[in-house]
Student: 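There's a structure below that I have some questions on.
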Amino acid sequence: MALFSRCLGANATFAAMRQAPEDFDEVRCLVACQPVSDLVIMGRLLEILGLGKQHLPELDHRVMLGTSLPFAARPDTSWAQYVSVPTYLYAVRQDSLTEPHDIKTAFAMLDTGDKELQWVEDTRRRWDGYLEFQRRPQPVLDWLHAHMRTRL
């Protein structure tokens with residue numbers, strides 16, 4: 001079994017691997033497309049709106065009032081530390097809604113020596129990252145092929 005998790009689905013995968021690692025014993029590898037940290041994407045959105053990141057604490061407070069869960073308690077890219085299966089991570093490097101350091105954090109935190117990071121280049125559109133597999137499937141297919149071979 002392999003997992004292909006995108007965006008917040010990748011974050012959910014990280015959280016599930018934290019909460020019940022034994023449930024992933026049969027997972028041979030993970031493809032994680034554009035995981036994201038709430039603080040990073042919300043900070044970028046505040047900047048785009050012209051408000052600035054200095055309003056993150058107020059936004060965090062309002063989100064907590066509405067959901068009972070502050071940003072710090074939500075799975076983010078640092079939760080990749082709970083991933084111990086071979087992982088292929090990819091994202092738009094110059095994504096207008098995030099920052100490259102967030103993906104670099106996920107990659108650095110992965111608890112596996114068998115990992116690969118691919119940047120989607122020449123775009124700032126986050127959606128291009130989601131379309132990467134459809135446009136250029138071969139790198140992901142090669143990764144899956146290499147990790148899904150029958151074990152001897």
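When reading the values below, keep in mind they use all heavy atoms of this one structure, side chains included, and skip hydrogens, waters and symmetry mates. Computed from a predicted model, the values in this text were never measured in an experiment.
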Student: Give me the atom names and distance for the closest heavy-atom approach of Ala80 to Ala106.
Tutor: CB-O, 3.4 Å

Student: Which heavy-atom pair separates Arg18 from Pro21 by the least distance, and what is that distance?
Tutor: O-CD, 3.8 Å

Student: Check the pair Leu117 / Ile103 against side-chain contact (heavy atoms from CB on, under 4.5 Å), numbers first and verdict last.
Tutor: CA-CA 9 Å; Leu117 172 59; Ile103 296 299; 3.6 Å; yes

Student: So does Leu89 get a backbone contact from the side chain of Thr87, meaning a donor-acceptor N/O pair under 3.5 Å?
Tutor: no

Student: Write down the atom of Cys7, the atom of Val36, and the distance for their closest heavy-atom approach.
Tutor: SG-CG1, 4.3 Å

Student: Going by heavy atoms in the side chains, are Cys33 and Glu132 under 4.5 Å from each other?
Tutor: no

Student: Side chain of Asp114, backbone of Val85: donor and acceptor closer than 3.5 Å?
Tutor: no

Student: Verify, without hydrogens or angle tests, whether Arg124 (side chain) and Gln94 (backbone) share a donor-acceptor contact under 3.5 angstrom.
Tutor: yes

Student: Going through the checks in order, is the side chain to side chain donor-acceptor pair (under 3.5 Å) test met by Thr105 and Thr77?
Tutor: CA-CA 6 Å; Thr105 295; Thr77 57; 4.9 Å; no

Student: Contact between Thr13 and Leu3 at the side-chain level, heavy atoms closer than 4.5 Å - yes or no?
Tutor: yes

Student: Just do the side-chain contact (heavy atoms from CB on, under 4.5 Å) check on Leu97 and Ile48 with the steps written out, would you?
Tutor: CA-CA 9 Å; Leu97 294 178; Ile48 289 167; 3.7 Å; yes

Student: So, taking the atom named CG in Asp102 and the one named OG in Ser37, what distance separates them when rounded to the nearest 0.5 Å?
Tutor: 3.5 Å

Student: With side-chain contact (heavy atoms from CB on, under 4.5 Å) as the criterion, how do Thr123 and Arg93 come out once you've worked through the C-alpha distance, each side chain's angles and the decisive distance to 0.1 Å?
Tutor: CA-CA 8 Å; Thr123 185; Arg93 186 189 305 258; over 6 Å; no

Student: Taking atom CG as the centre, does Asp122 end up with more than 12 heavy-atom neighbours from other residues, nucleotides or ligands that are less than 6.0 angstrom away?
Tutor: no

Student: Indicate yes or no: at least one non-hydrogen side-chain atom of Cys29 is less than 4.5 angstrom from one of Leu144.
Tutor: yes

Student: Rounded to the nearest 0.5 Å, what separation is found between the CZ atom of Arg28 and the CE atom of Met148?
Tutor: 5.5 Å

Student: Could you tell me the separation between the CE atom of Met42 and the CG atom of Leu59, rounded to the nearest 0.5 Å?
Tutor: 6.5 Å

Student: Just verifying a value: how many Å separate Met17 CE and Trp79 CH2, rounded to the nearest 0.5 Å?
Tutor: 14.0 Å

Student: In Å and rounded to the nearest 0.5 Å, what is the OH to OH distance from Tyr90 to Tyr130?
Tutor: 10.0 Å

Student: Hey, is the main chain of Gln34 close enough, under 3.5 Å, to the side chain of Arg126 for a donor-acceptor pair?
Tutor: yes

Student: Mind checking whether Trp143 and Val31 have side chains closer than 4.5 Å, heavy atoms only?
Tutor: yes

Student: If we ignore hydrogens and angles and just use 3.5 Å, is the side chain of His145 paired with the main-chain N or O of Leu141 as donor and acceptor?
Tutor: no

Student: Can you tell me how far CH2 of Trp119 sits from CZ of Phe107, rounded to the nearest 0.5 angstrom?
Tutor: 10.0 Å

Student: Of all heavy-atom pairs between Gly43 and Leu56, which one has the smallest distance, and what is that distance?
Tutor: N-CD2, 3.8 Å

Student: Does Lys115 make a cation-pi contact with Tyr88 (under 6.0 Å, within 45 degrees of the axis)?
Tutor: no

Student: Which pairs with one or both residues in residues 48-67 pass side-chain hydrogen bond (donor to acceptor under 3.5 Å, both in side chains), sequence neighbours excluded?
Tutor: Lys53-Glu99, Glu58-Arg62, Thr67-Arg74

Student: For the residue pair Leu30 and Ser5, what are the closest heavy atoms and their distance?
Tutor: CD1-OG, 3.8 Å

Student: Would you call Arg44-Asp95 a salt bridge at under 4.0 Å N-O?
Tutor: no

Student: Can you check side-chain contact (heavy atoms from CB on, under 4.5 Å) on Asp111 and Tyr82, steps first, answer last?
Tutor: CA-CA 7 Å; Asp111 188 23; Tyr82 303 107; over 6 Å; no

Student: Can you confirm if the aromatic rings of Phe133 and Phe4 lie within a centre distance of less than 6.0 Å?
Tutor: yes

